[in-house]
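To start, the structure itself, in structure tokens.
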There are 2 protein chains.
Amino acid sequence: MFTSLFHYISRFNTFTSEDRQIIESYFTFRQVPKKFNLIKKGKIARELFFINKGLLRLYYTKDTDDITAFIFREHLFASCYESFLRQAPGNQSLDTLEDAELLVISYDDLQTLYKKVPKMETVARKIAEQRFINAQLIFSSYILDSPEERWQKFEATQSDLLLRVPHHMIASFLGITPVSLSRIRKRLMDGK
Amino acid sequence: MFTSLFHYISRFNTFTSEDRQIIESYFTFRQVPKKFNLIKKGKIARELFFINKGLLRLYYTKDTDDITAFIFREHLFASCYESFLRQAPGNQSLDTLEDAELLVISYDDLQTLYKKVPKMETVARKIAEQRFINAQLIFSSYILDSPEERWQKFEATQSDLLLRVPHHMIASFLGITPVSLSRIRKRLMDGK
DNA sequence: ATGATTTCTTTACAAAAGTTAATAACCCTG
DNA sequence: CAGGGTTATTAACTTTTGTAAAGAAATCAT
């Protein structure tokens, strides 16, 4: 159950089996069905999730419809980070897209864990840095690439998600409407 | 010379005077003229800057013209973070907009400093988290707000920069052309 | 299985922003 | 203080994307 978690954090630091036992004791296992809401906008994100199985979608809501901010895959930590880090209400929500198996830790427990296993501080810094780098990458693409290029990059790097996620959710992630995505796909199909 | 730096990091952790002496020894003071290039895209960002005085602009270059990613003020750490954190070539550049006074630390020295003063690890995590939160905020605004709303927020929260930074650099930060910014400003002047 | 959503595409039209170019005002800088 | 560069605005035109609506295909739930 914890194999994948330790595999992930071992990239950032080495942990003894005592460390591991302490760490394990702070996480709880949770199974949730698809389309389940984990964090609602306006609320404080109290929990951080490590995804053993399933797909999680982070999104903004504007008026009636919503805009995908990120899709978290297996073996990643996920949360409404901004809200989680600040422990203040955020404007993002987090849902499952598929039936999911999660390892859950609360904010308070995480702070305690930093004290009990200081090496986790390094892991946390690295993860924060990684998330920052990732956010930057997405942001760069928003700024520098056309919607068409963004779609092509998405197709090239995350083609598996095309089968697991409705296109209109991907469209909003790319910053366009489903209509526009459809046009782009047609344009590319017709050989430019 | 270090007053402002310690004031800043004291928000995240408490430091003894021995700590301070060690920390000071790792930073060097540097004065640079306006329009000076600190980090060039394609190169690895080897240094992190704490701004005692002046204004720094982080930007992307696309074809001939460039797009402002962020404007760093006094009393902030600045760098091409993505490149700095990964120690890999990045696609951002960093210039001074005004004559500046900087405290500089190299990536390698920073890693050593983490070892010598482990409390700096907490500071680094907090700063990484803050930068992430900040990136998120800008990104949210990109996604949720119209260019007009972004301009109004900028005007409301960073009005001092309007006098220190050319409008076309702000326009690209808002994700629009100078022409479009001019139209928006006119629209708002004419009482909507 | 079948009726009801959800999802995707397409069309026609409208709105927003980009592009190019011309002009005027403002600084630097020598 | 003169001239070259930068900066900001405006206009005309083009391109892109959004909006609304309708229909077809796929998926879901009872």
Side-chain angles (χ1 to χ4, degrees), chain A residues 33-37 55 57 59-68 71 95-99 141-152 154-155 159 161-192, chain B residues 33-37 55 57 59-68 71 95-99 141-152 154-155 159 161-192:
Chain A
K34 74 159 80 171
K35 292 193 181 181
F36 186 85
N37 174 254
L55 226 47
R57 184 172 74 113
Y59 60 96
Y60 298 92
T61 31
K62 184 176 189 176
D63 309 319
T64 61
D65 49 26
D66 53 46
I67 300 168
T68 304
I71 294 165
D95 283 7
T96 55
L97 286 177
E98 304 173 343
D99 296 339
S141 181
Y142 245 83
I143 289 175
L144 298 174
D145 302 335
S146 66
E148 187 162 322
E149 287 169 320
R150 280 205 292 289
W151 163 255
Q152 286 178 304
F154 190 93
E155 213 180 9
S159 57
L161 289 186
L162 301 183
L163 300 169
R164 298 169 74 183
V165 181
H167 281 185
H168 71 267
M169 290 181 181
I170 295 170
S172 70
F173 176 69
L174 300 175
I176 53 178
T177 58
V179 178
S180 202
L181 176 56
S182 201
R183 279 195 281 242
I184 286 168
R185 281 159 53 79
K186 182 171 193 183
R187 213 149 60 210
L188 293 170
M189 288 293 249
D190 295 0
K192 182 99 214 161
Chain B
K34 75 158 80 169
K35 293 194 181 178
F36 186 85
N37 173 255
L55 226 47
R57 184 173 74 113
Y59 60 96
Y60 298 93
T61 30
K62 185 176 190 177
D63 310 320
T64 61
D65 48 27
D66 53 45
I67 299 167
T68 303
I71 293 165
D95 283 5
T96 55
L97 286 178
E98 303 173 345
D99 296 339
S141 181
Y142 246 83
I143 288 176
L144 298 174
D145 301 335
S146 66
E148 186 162 321
E149 287 168 319
R150 280 205 293 288
W151 163 255
Q152 286 178 304
F154 190 92
E155 214 179 6
S159 57
L161 289 188
L162 301 183
L163 300 169
R164 297 170 73 183
V165 181
H167 281 186
H168 71 268
M169 289 181 181
I170 294 171
S172 71
F173 177 68
L174 299 175
I176 53 177
T177 58
V179 177
S180 202
L181 177 55
S182 198
R183 279 196 282 242
I184 286 168
R185 281 161 52 80
K186 182 171 193 185
R187 213 150 59 211
L188 292 171
M189 288 292 250
D190 295 358
K192 178 113 219 150

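Chain letters run A, B, ... following the sequence lines, proteins first and then strands; every chain starts at 1. Just the heavy atoms: all of them, side chains too, but no hydrogens, waters or symmetry mates, feed the values below.
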Q: Answer with base, sugar-phosphate or nothing: what part of the nucleic acid does A:L181 contact at a heavy-atom distance below 4.0 Å?
A: nothing

Q. Could you walk me through whether B:R57 and B:T68 pass the side-chain hydrogen bond (donor to acceptor under 3.5 Å, both in side chains) check?
A. CA-CA 7 Å; B:R57 184 173 74 113; B:T68 303; 2.9 Å; yes

Between [X] and [N], does any side-chain N or O lie under 4.0 Å from OP1 or OP2?
{"X": "A:H168", "N": "C:dC8", "answer": "yes"}
{"X": "B:S180", "N": "C:dG18", "answer": "yes"}
{"X": "B:R185", "N": "D:dT9", "answer": "yes"}
{"X": "A:T177", "N": "D:dG18", "answer": "yes"}

Closest to the [X] side chain: [options]?
{"X": "B:K186", "options": "C:dC8, C:dT11, D:dA11", "value": "D:dA11"}
{"X": "B:I176", "options": "D:dT10, C:dG18, D:dA8", "value": "C:dG18"}
{"X": "B:V179", "options": "C:dT20, C:dT11, C:dC8", "value": "C:dT20"}
{"X": "A:R187", "options": "D:dA11, D:dA8, D:dT17", "value": "D:dT17"}

Q) Can you tell me if B:Y60 uses its side chain to pair, donor with acceptor, with the backbone of A:I143 under 3.5 Å? A) no

Can you measure [X] atom [atom1] to [N] atom [atom2] for me and round it to whole angstrom units?
{"X": "A:D66", "N": "C:dT6", "atom1": "CG", "atom2": "P", "value": "13 Å"}
{"X": "A:L174", "N": "D:dT17", "atom1": "CG", "atom2": "P", "value": "12 Å"}
{"X": "B:R183", "N": "C:dA17", "atom1": "CZ", "atom2": "P", "value": "8 Å"}
{"X": "B:H167", "N": "C:dC26", "atom1": "NE2", "atom2": "P", "value": "14 Å"}

Q: Five pairs at each end of the helix from C:dA1-D:dT30 to C:dG30-D:dC1: take the axis at both ends and give me the angle between them to 10°.
A: 60°

Q. Quick one: on DNA chain C, does B:K34 or B:P147 contact a more 5' nucleotide (nearest heavy atom)?
A.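 Looking at the nearest nucleotide for each, B:P147 comes out on the 5' side.
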
Q) B:D99: what forms a salt bridge (charged side-chain N to carboxylate O under 4.0 Å, His left out) with it, not counting sequence neighbours? A) none

